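All values derive from a computational prediction rather than experimental measurement.
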Amino acid sequence: MVSLISRLRSSKGQANPYPIYAELRAMGDVVPAPWNGYLLLSHDLCDQVLRSRAWATFDAEWRARQGDASRWTAPAAIQLSKTLQGLNPPVHTRQRRSLGNVFDRNTLTNLQPFVERTVEKLLDRLSEHMRSAGEADFATLVGEELPVATISHWLNLPPADHALLRDLTHGQAYAQELLPSASQLAQANTAAQGLRDYFTALVAERRRSLGDDPLSRWIRTWDQLEPDREEADETLYHLVMFIVIASLETTSTLLSNMVRLLDQHPRQRAWLLDHPEATPNAVEEVLRYDPPIHLTTRVATEDTVLSGVHIARDEVVHVMIAAANHDPAQFADPDTFDIGRTASHLGFGGGIHYCLGAALARVEATALLQGLNRRFPTLRVTTPPLWEPRMAFRRLTALYVAER
């Protein structure tokens, strides 16, 4: 187990983690880990835990029971425990309802023209770099840029802040790793402070000049829900910060991974070029085959049994989303990338913590893939992609492409 996890946490292991997941699955559906947790490898169990109210996320109360020396009490971890992903009902229910239907059909329809214009601008820049240098880093020039431009446009954040928001988001992601190193946790703590500084200032600035943007509407809502303005603004900071960081890290990985996978499956891409109407389905298969988030974690709220394994209250299970998406008991020929596949997947999680921005990520990925296939039908990956050595939140740090 220690050897397999070490391989997963390496850049080499991240390049193709699925044989390692297969080795883990061969040990059983529920596999004890050396750190007093359990790995869940089957689709049915992962889906069950994500949807069941008997399993909770790591809220502040659970973290406090782990002791001051625990990584769960690091500043970055505490920050996450106060965002939507770290809340359980009824607090989660109240905050989630306050946002409304964040990315409803009207919102997505209104954002679509901006996304499509931004795609064209980014592809123009990609083309320029390929002409001048022969190849270009898609991950940096496009994959990282489209999500931050889109969410910033929606929230009315200045373009000058894009680089800062990307850097802070990358740093904070280390706090969500399975076993972060001391240096990774230090980077996460630094990023957490930067995020607090930025988003508390943003809430204060927006409060001074309310408009018709989403954050202004949430401020009005929370002024009605919470009489303590300081408490309301603290909640608003966590809400808007979480929406931004959740939008950037996962979507950027999805976009670059989409290009990588289609390059590895030229017949599938050739078929897609002739059938552009299947683009949304191709995006879904990318999300199933290699989702941006490979694992998430839950804690038992009571003593329970999973697949014959007794798990006590407060014990932790790691929901291996990527492994579940390759479970042969759920998917026919799961290790085959097939854009004609129609089965559902756990790429966006499940239950009350289902990805808030799933619909927006799909809009961005679909628009980008349509633009790429229209403008660069012979695009190819020129060198092996570079992966960051982490296993929960996948991140492609470089993906060089060129036209044939």
Side-chain angles (χ1 to χ4, degrees), residues 79-80 82-85 87 91-122 144-169 172 191-252 355-364 367-368:
Q79 182 185 61
L80 283 174
K82 297 178 181 179
T83 65
L84 280 173
Q85 79 170 56
L87 300 176
V91 180
H92 177 275
T93 307
R94 183 178 189 234
Q95 292 197 15
R96 180 63 187 85
R97 285 177 177 171
S98 76
L99 299 176
N101 190 358
V102 183
F103 295 111
D104 59 15
R105 183 173 298 180
N106 287 337
T107 298
L108 295 175
T109 298
N110 291 334
L111 279 172
Q112 185 82 35
F114 175 83
V115 172
E116 291 174 352
R117 289 195 304 271
T118 305
V119 164
E120 291 305 309
K121 291 177 182 177
L122 294 176
E144 296 274 356
E145 292 294 331
L146 181 58
V148 72
T150 301
I151 202 71
S152 295
H153 171 77
W154 182 61
L155 288 170
N156 194 24
L157 307 180
D161 294 346
H162 288 183
L164 173 64
L165 292 172
R166 284 197 310 272
D167 290 345
L168 293 175
T169 298
Q172 221 290 338
Q193 184 59 54
L195 289 167
R196 169 169 279 280
D197 293 343
Y198 182 90
F199 285 103
T200 52
L202 174 66
V203 171
E205 180 273 329
R206 200 62 54 88
R207 180 179 283 286
R208 288 192 295 269
S209 181
L210 292 175
D212 191 36
D213 57 278
L215 178 53
S216 293
R217 293 195 292 272
W218 299 334
I219 290 173
R220 294 186 182 98
T221 296
W222 275 93
D223 281 353
Q224 295 178 359
L225 291 174
E226 177 55 65
D228 185 333
R229 179 160 291 183
E230 185 175 336
E231 183 69 23
D233 284 358
E234 182 75 1
T235 300
L236 287 159
Y237 138 64
H238 283 109
L239 284 172
V240 68
M241 180 269 291
F242 174 69
I243 287 173
V244 170
I245 66 173
S247 299
L248 302 193
E249 197 77 356
T250 53
T251 308
S252 62
C355 178
L356 191 67
L360 180 60
R362 287 179 167 119
V363 166
E364 293 178 54
L368 177 58

Quiz item: With sequence neighbours excluded, what pairs up with R229 under the salt bridge (Lys or Arg N to Asp or Glu O under 4.0 Å) test?
Solution: D223

Quiz prompt | Shortest non-hydrogen contact from S152 toward V148 | solution = OG-O, 2.7 Å

Exercise. Just do the side chain to side chain contact (heavy atoms under 4.5 Å, CB included) check on R217 and L210 with the steps written out, would you?
Key: CA-CA 8 Å; R217 293 195 292 272; L210 292 175; over 6 Å; no

Quiz item: Residues in salt bridge (Lys or Arg N to Asp or Glu O under 4.0 Å) with D104, at least two apart?
Solution: none

Quiz item: Around atom CD of E230, are there more than 12 heavy atoms of other residues, nucleotides or ligands at under 6.0 Å?
Solution: no

Practice problem: State which residue, out of L202, L155, L168, fulfils the side chain to side chain contact (heavy atoms under 4.5 Å, CB included) condition with V244. | Solution: L155

Quiz prompt | From K82 atom NZ to M241 atom CE, the distance as rounded to the nearest 0.5 Å | solution = 10.5 Å

Quiz item: If you look only at pairs with a residue in residues 146-168, which of them pass as a ring-ring contact (aromatic ring centres under 6.0 Å, His included), with sequence neighbours excluded?
Solution: F103-W154, F114-H153, W154-W218

Exercise. Sequence neighbours left out, what passes side-chain hydrogen bond (donor to acceptor under 3.5 Å, both in side chains) with E226? Give chain and number order.
Key: none

Quiz item: Does a side-chain N-to-carboxylate-O contact under 4.0 Å join E145 and R166?
Solution: yes

Exercise. Compare all side-chain heavy atoms of I151 with those of L360 and state whether any distance is below 4.5 angstrom.
Key: yes

Exercise. Check whether any side-chain heavy atom of Y198 sits under 4.5 Å from a side-chain heavy atom of D161, and report yes or no.
Key: yes

Quiz item: What pairs with Q79 under side-chain hydrogen bond (donor to acceptor under 3.5 Å, both in side chains), at least two apart in sequence or on another chain?
Solution: Q172, Y237

Quiz prompt | Least distance between heavy atoms, S247 atom then P147 atom | solution = O-CB, 3.8 Å

Self-check item: Partners meeting salt bridge (Lys or Arg N to Asp or Glu O under 4.0 Å) with E364 (sequence neighbours left out)
Solution: none

Quiz item: Taking only residues at least two apart or on different chains, which pairs with a member in residues 239-251 satisfy salt bridge (Lys or Arg N to Asp or Glu O under 4.0 Å)?
Solution: E249-R390

Exercise. Take L356 and L99 through the side chain to side chain contact (heavy atoms under 4.5 Å, CB included) test and state the conclusion after the steps.
Key: CA-CA 10 Å; L356 191 67; L99 299 176; 4.1 Å; yes

Quiz prompt | Spatial distance of atom CD1 (I243) from atom CG (L84) [nearest 0.5 Å] | solution = 7.0 Å

Exercise. Using the test side-chain hydrogen bond (donor to acceptor under 3.5 Å, both in side chains), find all partners of E231 that sit at least two apart in sequence or belong to another chain.
Key: none

Self-check item: side chain to side chain contact (heavy atoms under 4.5 Å, CB included), paired with L368, selected from T118, L146, V115
Solution: L146

Quiz item: Roughly how far, to the nearest 0.5 Å, is the CD1 atom of I219 from the CD atom of Q224?
Solution: 13.0 Å

Practice problem: Find out whether L111 and V363 are in side-chain contact, i.e. whether some heavy atom of one side chain is under 4.5 Å from a heavy atom of the other. | Solution: no

Practice problem: Determine which pairs satisfy side chain to side chain donor-acceptor pair (under 3.5 Å) with at least one residue from residues 91-102, sequence neighbours left out, and list them in order. | Solution: S98-W222

Quiz item: Considering residues at least two apart in sequence or located in another chain, which fulfil the side-chain hydrogen bond (donor to acceptor under 3.5 Å, both in side chains) criterion with R196?
Solution: E234

Self-check item: Donor-acceptor contact present, side-chain S216 to main-chain G211, <3.5 Å
Solution: yes

Quiz item: What distance do T221 atom OG1 and L239 atom CG have between them, rounded to the nearest 0.5 Å?
Solution: 10.5 Å

Quiz item: Restricting to pairs with a member in residues 151-160, which pass salt bridge (Lys or Arg N to Asp or Glu O under 4.0 Å), not counting sequence neighbours?
Solution: none

Exercise. Tell me, please, which residues at least two apart from D213 pass salt bridge (Lys or Arg N to Asp or Glu O under 4.0 Å).
Key: R206

Practice problem: Look up atom CD1 in I245 and atom CG in L165, then write down how far apart they are to the nearest 0.5 Å. | Solution: 10.5 Å

